[in-house]
*Asks:* 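Before I ask anything, here is the structure I am working with.
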2 protein chains.
Amino acid sequence: MYQKWIKVLSTCALFNGINSDNLQGVLHCLKPKVNSYEKNEWVTAAGEKIAGLGIVLSGEVVVAQENAAGNRVIITVDGPGEMFGEMTAFLESVESPATVMARAACTVMFLPAGKVVSCCENSCASHKLMITNMLKIVSEKALVLHRKVEYLAIKSLRAKISTFLLEQHKRTGNTTFMMPLKRNELADFLNVTRPSLSREMGKLMEEGIIEFHMSSVKIKDLDSLRTMAE
Amino acid sequence: MYQKWIKVLSTCALFNGINSDNLQGVLHCLKPKVNSYEKNEWVTAAGEKIAGLGIVLSGEVVVAQENAAGNRVIITVDGPGEMFGEMTAFLESVESPATVMARAACTVMFLPAGKVVSCCENSCASHKLMITNMLKIVSEKALVLHRKVEYLAIKSLRAKISTFLLEQHKRTGNTTFMMPLKRNELADFLNVTRPSLSREMGKLMEEGIIEFHMSSVKIKDLDSLRTMAE
DNA sequence: ATAAAACGGTAACCATAGTTACCAAAAACG
DNA sequence: CGTTTTTGGTAACTATGGTTACCGTTTTAT
């Protein structure tokens, strides 16, 4: 029944250490629902009760947060094998503050939260493993938010950009790389406006600290960048 | 051996649903360490490996984050029965980005993370309950960080203050209340400077929207405040 | 009780980034 | 292909909030 997705699911952190056979059993026991969405369709709107734990099977979803002023702040982008809703799935009486939207046409599997925690007879060992995995996943998620807080707490735009570029440098191990976000998205992520971002990046180029064209960026003066990130 | 602390510990969310007798057993099995700290003493410095899960037995600790520029951003204040380190306790090879400092003289219990997850024979039922509690706790923590992100994402100082005041109003159910943070701390929390905070609060008073003297605040125009928080 | 330290308000000046609007380049679509 | 849509750079003007410094008040320590 779920054979089609076993391969993707085995890459999901929730099923870490569970082999295909056991995974089949677990799925059969969890009775997950699978839905498909078109690009830009809502998967979950803010305030709506999430149908449990979500796992992206194909395509991509954007997890974002809309504040009262209507500005959308991107939290993460999830692709195949990645999860969302892990923050609220185990908390009763908490409506999710996040919104989930299909960034591309996608298929999503929903796991009922209650079944994830309670062991059943046929595959209790796997269930226990799942719980341990879940604990790590949620901890990890908290840490991601923690880093998000770090970004938002940076006061100057220049320092935000510098920090972001240094992180890309560290990630790719290269001084030339492609930006993983478009200008608009980066501006959202750093919580500034796009023209301000463009202006500041222009200045960094003028000063010979970086060079860029569209999404490709080259760091020319790593030390200056480090100083400015503080 | 841990009798002295049973009462406090039973208020800790980690031991929710575990009665005193079982708690004694669990503690005996977990073999926690108890340390005392003086006011302003470091409990855990940034980057240091946390000794596991921390539970405040008496006094208060401040969990904060120091960014590269040296600005301290308060994450939470934990009192008796409250925990810290729950974010990193279950993640190997992750150094904690947070710092923990004694806000007042305090006593702290540390639980080895590994023992929390793995069942032992004598009190397996209680251990299982602990794991479920832990899952809820970490989820809750993630949600708190999520709210923190919401605050930081607010762009104008006026809206930040309005949001904060509205939250106090909601919390106390009263239009007159005591601020739980000093000006410096509030400025830290909202990620702005103290003079700017004072200036803006002064303006709000001038406009007849609020009234305040030191830490006591009275909301005079709730609707305006709501509009400004957006 | 008194000195010292911490806290909080204020004001002038300045730097940073938001706003708006316009245009060019690139990508998507038929 | 050519057209439409999306994306991104730029510039003038404005608003917001940071900086610094000073001073009175409140709290803490001795």
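Per chain, numbering begins at 1; letters A, B, ... match sequence-line order. Quick note: numbers below take in every heavy atom, side chains included, and nothing from hydrogens, waters or symmetry partners.
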*Asks:* Rounded off to whole Å, could you give me the CD-to-C1' distance for the A:Glu200 and D:dG8 pair?
*Replies:*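 Taking CD of A:Glu200 and C1' of D:dG8, I get 16 Å after rounding.
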*Asks:* Using salt bridge (charged side-chain N to carboxylate O under 4.0 Å, His left out) as the criterion, list what pairs up with A:Arg158, not counting sequence neighbours.
*Replies:*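 So A:Arg158 forms a salt bridge (charged side-chain N to carboxylate O under 4.0 Å, His left out) with A:Glu200, A:Glu207.
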*Asks:* Under 4.0 Å from OP1 or OP2 of C:dG9: is there any side-chain N or O of B:His213 that close?
*Replies:*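 False: B:His213 side-chain N/O out of range (4.0 Å or more) of C:dG9 OP1/OP2.
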*Asks:* Go through the structure and list residues passing side chain to side chain donor-acceptor pair (under 3.5 Å) with B:Ser156, not counting sequence neighbours.
*Replies:*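 Testing B:Ser156 for side chain to side chain donor-acceptor pair (under 3.5 Å), a comparison that skips the adjacent residues, returns none.
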*Asks:* List in chain and number order the residues that pass side chain to side chain donor-acceptor pair (under 3.5 Å) with B:Thr175, two or more places apart in sequence or in another chain; answer none if no residue qualifies.
*Replies:*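 If we apply the side chain to side chain donor-acceptor pair (under 3.5 Å) test to B:Thr175, skipping adjacent residues, there are no hits.
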*Asks:* Report the residues that fulfil salt bridge (charged side-chain N to carboxylate O under 4.0 Å, His left out) with A:Glu60, sequence neighbours left out, ordered by chain and then residue number.
*Replies:*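 In terms of salt bridge (charged side-chain N to carboxylate O under 4.0 Å, His left out), with neighbours along the sequence ignored, A:Glu60 is linked to A:Arg103.
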*Asks:* Could you give the NZ-to-P distance, from B:Lys203 to D:dA15, as a whole number of Å?
*Replies:*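 The answer, rounded to whole Å, is 11 Å.
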*Asks:* With sequence neighbours left out, write down each residue that passes side chain to side chain donor-acceptor pair (under 3.5 Å) with A:Lys141, or none if nothing qualifies.
*Replies:*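 Checked A:Lys141 against side chain to side chain donor-acceptor pair (under 3.5 Å); matches are A:Glu86.
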*Asks:* Return the angle between end axes of the helix from C:dA1-D:dT30 to C:dG30-D:dC1, with five pairs used per end and rounding to 10°.
*Replies:*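 End-to-end axis angle: 60°.
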*Asks:* Please tabulate the protein-to-nucleotide N/O contacts below 3.5 Å involving nucleotides 10-15 of chain C, giving atom names and distances.
*Replies:*
none

*Asks:* Counting any heavy atom closer than 4.0 Å, what does A:Met201 reach on the DNA or RNA strands: base, sugar-phosphate only, or nothing?
*Replies:*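 The answer is nothing, as A:Met201 stays clear of every strand by at least 4.0 Å.
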*Asks:* Is there a donor-acceptor contact under 3.5 Å linking the side chains of B:Thr193 and B:Ser196?
*Replies:*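 Yes.
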*Asks:* Please report the distance, rounded to the nearest Å, between CG in A:Leu190 and P in D:dG8.
*Replies:*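 So the CG-P distance, A:Leu190 to D:dG8, works out to 14 Å.
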*Asks:* Please state how far atom CG in B:Asn184 lies from atom P in D:dG18, giving the value in whole angstrom units.
*Replies:*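 Result: 13 Å.
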*Asks:* How would you list, by chain and number, every residue that makes a side chain to side chain donor-acceptor pair (under 3.5 Å) with B:Thr163, sequence neighbours excluded?
*Replies:*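 Here no residue qualifies.
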*Asks:* In whole Å, what is the span from the CG atom of B:Leu197 to the C1' atom of D:dT19?
*Replies:*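 That distance rounds to 16 Å.
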*Asks:* Between C:dG9 atom C1' and B:Leu204 atom CG, what is the distance in whole Å?
*Replies:*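 After rounding, the reported distance stands at 15 Å.
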*Asks:* Mind checking what makes salt bridge (charged side-chain N to carboxylate O under 4.0 Å, His left out) contact with A:Arg226, not counting sequence neighbours?
*Replies:*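 In terms of salt bridge (charged side-chain N to carboxylate O under 4.0 Å, His left out), with neighbours along the sequence ignored, A:Arg226 is linked to A:Asp223.
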*Asks:* In whole angstrom, what separates B:Arg158's CZ from D:dG18's P?
*Replies:*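 Interatomic distance, CZ of B:Arg158 to P of D:dG18: 15 Å.
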*Asks:* For the pair B:Lys218 and B:Phe177, evaluate side-chain contact (heavy atoms from CB on, under 4.5 Å) and give the outcome as yes or no after the intermediate values.
*Replies:* CA-CA 7 Å; B:Lys218 178 176 188 176; B:Phe177 47 80; over 6 Å; no
*Asks:* List the atom pairs, with distances to 0.1 Å, where a side-chain N or O of residues 30-39 of chain A and a protein N or O form a donor-acceptor pair under 3.5 Å, not counting sequence neighbours.
*Replies:*
from: A:Lys31; atom 1: NZ; to: A:His28; atom 2: O; distance (Å): 3.1
from: A:Asn35; atom 1: ND2; to: A:Tyr37; atom 2: OH; distance (Å): 3.4

*Asks:* What residues form a salt bridge (charged side-chain N to carboxylate O under 4.0 Å, His left out) with B:Glu211, not counting sequence neighbours?
*Replies:*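 With neighbours one apart ignored, the set is B:Lys220.
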*Asks:* Pull out every protein N or O sitting under 3.5 Å from an N or O of nucleotides 27-30 of chain D, one pair per line with the distance.
*Replies:*
none

*Asks:* Rounded to the Å, how far apart are A:Ile154 CD1 and C:dT16 P?
*Replies:*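 Nearest whole value for this atom pair: 16 Å.
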